[in-house]
Amino acid sequence: MKHSALFLATFIILSNIVFAQPAIRAVRIDTPPRIDGNVNEAVWDEAFVTTDFYQREPNLGAPVSKKTEFLVCYDENHIYFAVKCWDDPQKITAKEMARDVSLGNDDRIQIILDTYFDGRNGYWFQIGPRGSIGDALISENGAAFNKEWDGLWTGKASIKDYGWEAEVAIPFKSLGFNGSNTRWGIKYIRHIVSNIESSYWPEANLNTHKFQVSDAAILDGIENITQGIGLDISPYLITGLDGKRGENNTSKLTGGVDLFYQITPSLRSSLTINTDFAETEVDDRQINLTRFSLHFPEKRDFFLNGANYFQFGIEGDDSSPVSQRIIPFFSRRMGLDENGKPIPINYGAKLTGQHKNWNIGMLYMNDDRQAGDNNFSALRISHNLWKQSSIGIIGTYGNTLADSSNMLAGIDLKLSSSRFQGNKNASFMLFGLKSNTPNTHEDNEAWGAQFSYPNDLINARLGYHQIGKNFVAGMGFVPRVNIKESYGEFEFGPRPNKWGIMQVKFGAQFDYIQNLETATSESREFKFKPLGIRLFSGEEINYTLLNQHENLYGSFNIFREIIIPKNSYLWWRQEIAIKTKGARNIWGEATYSFGDFYSGTRKDVIIKANWKVAVPFFLGGTFIQNQVTLPQGNFTANIYQANANILFSPDITLYNFVQYDNASKNAGWQSRFQWIIKPGNEIIIAWNTQFLKQTDAFFMNESALRLKLKYNIRF
């Protein structure tokens with residue numbers, strides 16, 4: 001095993017070789033374009049034009065089916081892009097206008113900028129034909145994708161008689177970069193939904209991650225650009241009313257400020273005082289039918305900005321089935337209680353960015369929790385090795401789980417290459433962690449290793465980790481301790497390109513968990529996927545078999561008063577999943593699974609349906625049902641969710657989200673009106689209310705109305 005790991009690591013290191021990248025010239029302009037979605041100004045005649053796009057799907061290497069032009073230029077303060085997309089206007093799929101919504105079912109273009117020119121990290125920007133814009137942070141060479149990040153930039157688009165076009169202006173103040181480097185990485189992508197087509201420049205193979213950075217082209221000649229003095233001041237004012245059943249309404253008037261200072265072009269510091277998250281989306285309801293904690297994603301802007309600099313170990317691999325099993329720093333632990341309700345944040349500070357070959361993340365936070373210590377610190381530093389590998393450390397101090405103090409420290413090594421065997425991705429990861437909590441000085445370590453081969457024809461992964469019974473991540477998320485876990489997967493994905501089939505996928509996964517002290521089995525899961533089909537029409541069909549073993553050493557409460565007694569259980573389940581083409585005005589997906597469950601049976605139904613009534617109006621709904629029959633009793637767990645959105649323009653939106661679950665008998669309704677006057681300057685009206693169900697009637701239990709005014713001043 002040691003010799004195999006050494007050989008693999010050596011191979012990955014040697015495959016980090018220099019390879020030729022296409023290059024384009026950065027054109028400096030004197031007069032900036034007016035960003036209105038009409039590419040008709042003379043300044044665009046000066047820009048560098050790129051037209052050589054090639055399909056990644058469905059016909060690998062074929063030229064883009066519709067003429068496409070990307071233009072780029074820059075001045076002292078911004079980098080500008082214009083796009084011309086030829087197409088039949090009747091075939092353009094453009095249903096979305098709002099900011100940061102998923103455009104997976106719309107035509108769209110995407111721009112990736114590797115501003116540090118390190119082949120690892122990048123900024124991702126997209127825009128659709130009706131002006132819906134979105135952005136994200138890319139890390140781990142495309143394996144990790146933080147879509148929750150919001151940058152300050154402008155994009156407009158319009159549909160023409162020849163197709164559609166768009167303009168984008170990105171301030172250098174919104175980007176981190178190496179000020180001494182005149183070269184950036186750059187990649188362009190166009191998606192044509194009617195053809196299920198994705199075309200790239202430079203040409204991308206099927207083994208690359210969709211948003212891989214290392215194979216980007218070179219944008220050469222970025223010189224004499226500025227971030228001003230690098231200071232952003234973002235004050236806010238908030239007012240509103242809080243209501244509770246049986247009590248008088250109380251008014252709220254408060255304010256706060258966020259300050260951002262660009263210490264260097266690549267190092268950004270942040271300070272937040274009296275932070276408020278009134279505009280944050282509510283969590284999707286989940287009913288927990290396991291005996292372990294569920295993971296809810298971070299959605300708050302202050303923590304999302306620079307979140308990639310705190311990722312550690314397997315957390316950075318979004319596709320790994322265990323990526324959420326060991327998270328040493330989980331920002332959601334701060335400013336929220338165990339039920340997800342806000343705890344006021346008094347102040348916090350953060351430093352994120354890069355310096356030469358070092359990646360830095362530092363955070364300090366003070367919230368208003370009443371029990372235990374309310375001061376929290378986190379440090380994450382990694383050093384780049386070769387082209388895509390790294391070694392790093394992490395440390396946290398603070399405990400959100402108990403009143404006692406907690407300290408954690410760890411080290412990780414990642415050897416990675418996107419040129420493995422010429423054009424394939426491969427990575428090997430090794431990590432170790434140790435916690436320090438009063439009165440626990442033994443069995444407080446965690447360590448693991450993982451090899452990944454995430455490619456198109458063959459997608460494989462093999463990993464192992466163990467977590468001591470006294471290991472405590474006081475600022476992290478580790479749902480299960482005192483275990484050693486082995487896991488792996490193998491998927492084969494040929495592309496027959498006949499009978500209307502784009503790709504067939506089949507394979508298997510296993511996950512085996514043992515008690516660390518006794519080496520006895522606790523959980524074992526085998527998934528067999530004998531059939532998965534992606535059609536050229538846009539539909540997907542999957543069939544899966546699941547074999548699961550659970551050895552319960554103690555009983556647990558699964559739903560209301562129903563208890564699963566300690567025993568050894570083994571069962572089989574089957575799952576069928578169907579997904580329709582999202583380009584249609586009505587689209588959706590359905591999953592049905594059935595089979596045994598502990599000592600009884602279980603049937604699960606998930607139905608998601610979406611209807612784009614017209615461009616400004618959207619209706620969507622989700623129904624999740626778990627129907628369980630057990631000797632101890634029967635129950636049905638239901639979750640209902642509904643969206644009703646009105647998109648007045650890309651900058652003025654009204655979202656309504658209602659959800660109910662019969663476990664808590666609690667219904668929630670959030671209405672959120674947002675007017676983006678310009679990037680950073682916003683008016684937000686949010687109404688959150690909770691209804692409780694007693695017998696057959698609902699009554700309002702709590703409500704909160706907020707008016708938030710945000711303003712941004714850039715120097």
Side-chain angles (χ1 to χ4, degrees), residues 2-21 114-122 137-144 176-178 180-181 183-185 207-209 211-216 218 264 266-267 306 308-318 320 323 326 328-329 352-362 379-395 409-433 447-454 461-463 465:
K2 290 183 178 179
H3 293 294
S4 299
L6 180 61
F7 172 78
L8 176 65
T10 303
F11 199 103
I12 291 175
I13 293 171
L14 293 177
S15 65
N16 279 284
I17 58 175
V18 177
F19 61 97
Q21 294 171 278
D114 176 8
T115 58
Y116 293 104
F117 200 57
D118 62 5
R120 305 163 182 266
N121 306 289
L137 296 176
I138 298 171
S139 55
E140 301 292 339
N141 193 25
F177 53 87
N178 184 344
S180 63
N181 196 340
R183 287 184 160 193
W184 289 7
N207 295 317
T208 62
H209 297 295
F211 305 127
Q212 190 156 300
V213 181
S214 59
D215 61 348
I218 298 170
T264 71
S266 58
L267 271 179
N308 54 304
Y309 289 103
F310 293 92
Q311 290 177 333
F312 176 90
I314 56 177
E315 181 194 0
D317 184 358
D318 287 348
S320 173
S323 63
I326 306 177
F329 172 68
T352 56
Q354 297 180 225
H355 179 67
K356 296 183 178 178
N357 283 324
W358 294 93
N359 309 292
I360 302 167
M362 300 173 64
L379 169 69
R380 168 70 165 145
I381 298 176
S382 64
H383 182 69
N384 296 338
L385 303 173
W386 305 291
K387 275 196 167 295
Q388 291 153 34
S389 303
S390 64
I391 186 170
I393 61 171
I394 194 169
I411 184 170
D412 64 342
L413 170 69
K414 181 177 183 181
L415 303 175
S416 181
S417 174
S418 60
R419 311 298 291 178
F420 190 73
Q421 296 179 324
N423 66 348
K424 295 178 177 61
N425 279 288
S427 67
F428 175 76
M429 188 180 299
L430 180 67
F431 69 90
L433 291 158
W447 69 272
Q450 175 183 278
F451 167 69
S452 297
Y453 186 78
R461 179 180 284 102
L462 186 64
H465 59 249

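What's counted below: heavy atoms across the whole structure, side chains too, no hydrogens, waters or symmetry copies.
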Checklist entry - Which heavy atom of Leu433 sits nearest a heavy atom of Gly410, and at what distance? => result CD2-CA, 3.5 Å
Checklist outcome for this item: All heavy atoms of His209 vs all of Pro454, minimum pair found to be CE1-CG, 4.0 Å
Item to check | Set of residues satisfying side-chain contact (heavy atoms from CB on, under 4.5 Å) with respect to Asp412, sequence neighbours excluded | outcome: Phe312, Arg380, Phe431
Item to check | Leu413: partners by side-chain contact (heavy atoms from CB on, under 4.5 Å), with sequence neighbours left out | outcome: Leu385, Ile391, Leu415
Checklist entry - Has the side chain of Asp114 got a donor or acceptor atom that lies under 3.5 Å from a matching backbone atom of Gly119? => result yes
Next on the checklist: Quick check against the 3.5 Å criterion: does Thr115 have a side-chain atom that pairs as donor or acceptor with the backbone of Gly176?
Outcome noted: yes
Item to check | Side chains of Asn425 and Asn207, donor plus acceptor under 3.5 Å | outcome: no
Next on the checklist: Under a 3.5 Å cutoff, is there a donor and acceptor pairing between the side chains of Ser390 and Ser382?
Outcome noted: no
Checklist entry - Between Ile314 and Met429, is any pair of side-chain heavy atoms under 4.5 Å apart? => result yes
Checklist entry - Do Ser418 and Asn141 come close enough that some side-chain heavy atom pair is under 4.5 Å? => result yes
Checklist entry - Is the His383 ring parallel, tilted or perpendicular to the Trp358 ring (thresholds 30°, 60°)? => result tilted
Checklist outcome for this item: Sorted by chain and residue number, the side-chain hydrogen bond (donor to acceptor under 3.5 Å, both in side chains) partners of Asp118 (sequence neighbours excluded) come out as Asn121, Gln354
